[in-house]
Engineer: 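One structure, as structure tokens, below. Some questions next.
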Amino acid sequence: MKKVITRFAPSPTGTLHIGGVRTALFNYVYAKQNDGLFLIRIEDTDRERSTKKYEKDILDNLSSIGLSPDQKPINQSERNEIYTKAAEKIVESGNAYWCDCSPEELDKMRNEQTAAGIKPMYDGRSRNLGLERSEKTVLRLATPEDGDIIVNDIIRGEIKFNNNELDDLILLRSDGTPTYHLCNVVDDYEQNVTTVIRGEDHISNTPRQIHIQNALGYPELEYAHLPLVLGTDKKRLSKRNAATSLKEYREKGYLDSAILNTLARLGWSKGDKEIFYLNDLIKDFDIKEVQKAGAIFDISKLDWLNSQHLANLSLEDFKNQLEPFLEKLNISINDHHDVDLLIQSMRTSDNTYSGIAESLIPYYREIESYDEKAITKFIKDKSILNSLKDIFVNIDNWNESSIDIVLKEFQTQNELSVPAVNQPIRIALTGSTKSPSLGLTLAIFGKEKSIERVENLLSYV
RNA sequence: GUCCCGUUCGUCUAGAGGCCUAGGACACCGGGUUUUCAUCCCGGCAACAGGGGUUCGACUCCCCUACGGGAUGCCA
């Protein structure tokens, strides 16, 4: 059996899109589970829109998320000769012809066709003219006029196209450069690709590409057309309806593993299992089980999955990955006397790193503002805080359990409700009523800092 | 317009003719733990697009309609 080779073939006209990450992921996983190769090919034949900057973004992001190719990526823009040679071969075999129709003429033709209610497509008017190559001619594939072509899709089964639905596509532009279809087919062959896994927007391109393969005498490929990732408006995910670039999600503090997990579960599932790491996917994923219908990308599922992946991290890993997010807030993670206790207590405060970093601010910096509503609700007068301050000063063994005991005593002796005692302290320490359990929070801040913050609040109100 | 692909809870999905009183997860709502917040636990809400067949029996098979998406470029 032939070694399975898959490829991800982005065109560098934008940053890496999460839909693209999913396509790359499925290609990667399929290759790995078949002990094959995963390749990347940069389809930069559109010189106007392709940029090196986007190419770098795509390559960097893919490898940092763990989807590195097994060979150095190739650029189509550097392989012109190969395509030209293939085109010549098609001309020689009589399966292509030169056409001198101008863009204006074609435009007019399409308009007329549309007006007449028929499918706009090139009518083959230059096909039998026997034109020679010139500066005004494009090379067109002579597509068989009748019969049909069957695409065998791993996910969808047989898809039949009538050859008369297909027009004679352009292989070489008038400036001599090759087009997408030609390059794509030639490179899949040159790279020994066995399996094409791509978005379903390519389904109708497939029969055209098969015709090119046939003209060139290339062997058949295996195809799997993935359902598209959709936005909440059910249209394909784009900048208009969602954050699409992988980078944005990473910068928000979503874990790579959680992003991959979410993407894999979009259009695919395995029993009741929800948590998948890359290794699990290589074990459990089955391309045949992929859904046929497009799937809406739901950020709340990502949020939940992220919280699950975050919870699975060791404290060390958690801290390491959190660090850059704190740095963005000009906070150095070790600028605290008991970092481990702090982070351990706060790691579930949000489901993204950026959110967690945000909620950590009061633990690293002085309080800039108090939650006024909380103050009016819980601080009627200063007496309770004053007494608590005196009590704190006298606690020698400053740890969670002893603090809790002291607080409990104070509360019962003075016949106060729990919130009457606890909330003012929370406000003093964090500026709001949100914090871990009280004794723990006080322990996190330490005796000195706790007293200082109670004093600060006392002088504020 | 034409061709192609699709259609199960709000969302991701399970479901290969009887196992379906349609299951799970997220979200949402309610309750419990945390005397706060988050986590966690428990419970609830909620779907087979519509119509025809086929069959003793259809979420499952066939046809039609509707709706959605994709393609129809000297873009990829």
Side-chain angles (χ1 to χ4, degrees), chain A residues 9-13 43-46 48-50 76 99 101-103 106-107 110 113-122 137-140 151 153 155-156 159-162 164-167 169-181 183-184 199-208 225 227-228 230 232-236 262 265-275 291-305 307 311 345-351 355-356 359 374 378 411 417-419 421-423 425-427 430 432-438 441:
Chain A
S11 65
T13 53
E43 305 215 323
D44 50 0
T45 48
D46 183 342
E48 314 237 310
R49 293 191 298 155
S50 301
Q76 290 190 326
C99 160
C101 298
S102 67
L106 294 175
D107 227 39
R110 284 192 200 99
Q113 288 167 329
T114 310
I118 56 173
K119 182 175 179 168
M121 52 191 269
Y122 182 63
T137 56
V138 298
L139 185 69
R140 284 186 186 271
V151 176
D153 190 278
I155 296 170
R156 290 153 212 274
I159 307 170
K160 198 164 92 176
F161 292 87
N162 219 306
N164 63 27
E165 291 291 338
L166 273 22
D167 62 5
L169 74 249
I170 293 175
L171 264 12
L172 253 30
R173 302 187 183 97
S174 47
D175 65 0
T177 57
T179 59
Y180 160 70
H181 289 292
C183 300
N184 193 274
E200 71 171 326
D201 46 335
H202 286 286
I203 289 181
S204 39
N205 288 156
T206 311
R208 298 161 168 275
H225 287 96
L228 262 22
L230 275 25
T232 41
D233 56 1
K234 288 190 174 242
K235 300 227 189 293
R236 73 194 279 179
T262 306
R265 278 287 284 100
L266 224 52
W268 175 78
S269 67
K270 191 71 157 191
D272 291 343
K273 199 170 161 182
E274 293 288 348
I275 311 295
Q291 199 80 12
K292 295 184 184 83
I296 296 171
F297 179 77
D298 182 10
I299 190 90
S300 64
K301 187 78 170 226
L302 207 210
D303 279 330
W304 178 74
L305 245 10
S307 72
S345 314
M346 293 293 290
R347 61 185 286 174
T348 58
S349 62
D350 196 86
N351 41 34
I356 293 166
S359 62
F378 292 106
Q411 180 233 325
S417 73
V418 178
V421 178
N422 289 8
Q423 300 302 52
I425 303 175
R426 285 207 164 84
I427 298 168
T430 69
S432 77
T433 55
K434 296 179 195 170
S435 90
S437 66
L438 200 62
T441 308

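Chain letters run A, B, ... following the sequence lines, proteins first, then strands; residues in each count from 1. Both backbone and side-chain heavy atoms feed into the values below; hydrogens, waters and symmetry mates do not. Given the structure is predicted, the values throughout are model-derived calculations rather than measurements.
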Engineer: Indicate for each nucleotide in nucleotides 39-49 of chain B, in 5' to 3' sequence, whether protein heavy atoms under 4.0 Å reach the base (B), only the sugar-phosphate (S), or nothing (-).
Structural biologist: SS---------
Engineer: Of all residues at least two apart in sequence or in a different chain, which pass the salt bridge (charged side-chain N to carboxylate O under 4.0 Å, His left out) check with D201(A)?
Structural biologist: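 Partners of D201(A) under the salt bridge (charged side-chain N to carboxylate O under 4.0 Å, His left out) test: R236(A).
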Engineer: Look through every strand shown and name the nucleotide pairing with C3(B) as Watson-Crick or G-U wobble, where both distances are under 3.5 Å.
Structural biologist: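 Its partner is G70(B).
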Engineer: S417(A): what forms a side-chain hydrogen bond (donor to acceptor under 3.5 Å, both in side chains) with it, not counting sequence neighbours?
Structural biologist: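 Scan of S417(A) (side-chain hydrogen bond (donor to acceptor under 3.5 Å, both in side chains), adjacent residues dropped) gives none.
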Engineer: Is A49(B) paired to anything, Watson-Crick or G-U wobble with both distances less than 3.5 Å, and if yes, which nucleotide?
Structural biologist: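 Paired with A49(B), as far as the under-3.5 Å criterion goes, is U65(B).
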Engineer: With sugar-phosphate meaning primed atoms plus P, OP1 and OP2, does S300(A) contact a base, only sugar-phosphate, or nothing at under 4.0 Å between heavy atoms?
Structural biologist: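 Sugar-phosphate, backbone atoms only, no base.
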Engineer: Would the number of heavy atoms belonging to other residues, nucleotides or ligands and lying under 6.0 Å from NZ of K434(A) be above 12?
Structural biologist: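 No, the 6.0 Å shell around NZ holds no more than 12 heavy atoms from other groups.
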Engineer: So what does R265(A) hit on the nucleic acid, given a heavy-atom distance under 4.0 Å: a base, only sugar-phosphate, or nothing?
Structural biologist: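 If one applies the 4.0 Å heavy-atom cut-off, R265(A) turns out to touch a base.
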Engineer: Tabulated below should be each protein N or O lying under 3.5 Å from an N or O of nucleotides 70-72 of chain B; please produce it.
Structural biologist:
from	atom 1	to	atom 2	distance (Å)
A71(B)	OP1	R236(A)	NH1	3.4
A71(B)	O4'	S204(A)	OG	3.2
A71(B)	O2'	S204(A)	OG	3.1
U72(B)	O2'	P120(A)	O	2.8

Engineer: Has S435(A) got a side-chain N or O lying under 4.0 Å from the OP1 or OP2 atom of U36(B)?
Structural biologist: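 No.
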Engineer: Which nucleotide, if any, forms a Watson-Crick or G-U wobble pair with U21(B), using both distances under 3.5 Å?
Structural biologist: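 Its partner: none found.
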Engineer: Applying salt bridge (charged side-chain N to carboxylate O under 4.0 Å, His left out), can you list everything that pairs with R347(A), at least two apart in sequence or on another chain?
Structural biologist: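 Checked R347(A) against salt bridge (charged side-chain N to carboxylate O under 4.0 Å, His left out); zero matches.
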Engineer: For G10(B), give the paired nucleotide (Watson-Crick: N1-N3 plus N6-O4 or O6-N4; G-U: N1-O2 and O6-N3; both under 3.5 Å), or none.
Structural biologist: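 The answer is C26(B), by the H-bond criterion.
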Engineer: Mind checking what makes salt bridge (charged side-chain N to carboxylate O under 4.0 Å, His left out) contact with R140(A), not counting sequence neighbours?
Structural biologist: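 Here no residue qualifies.
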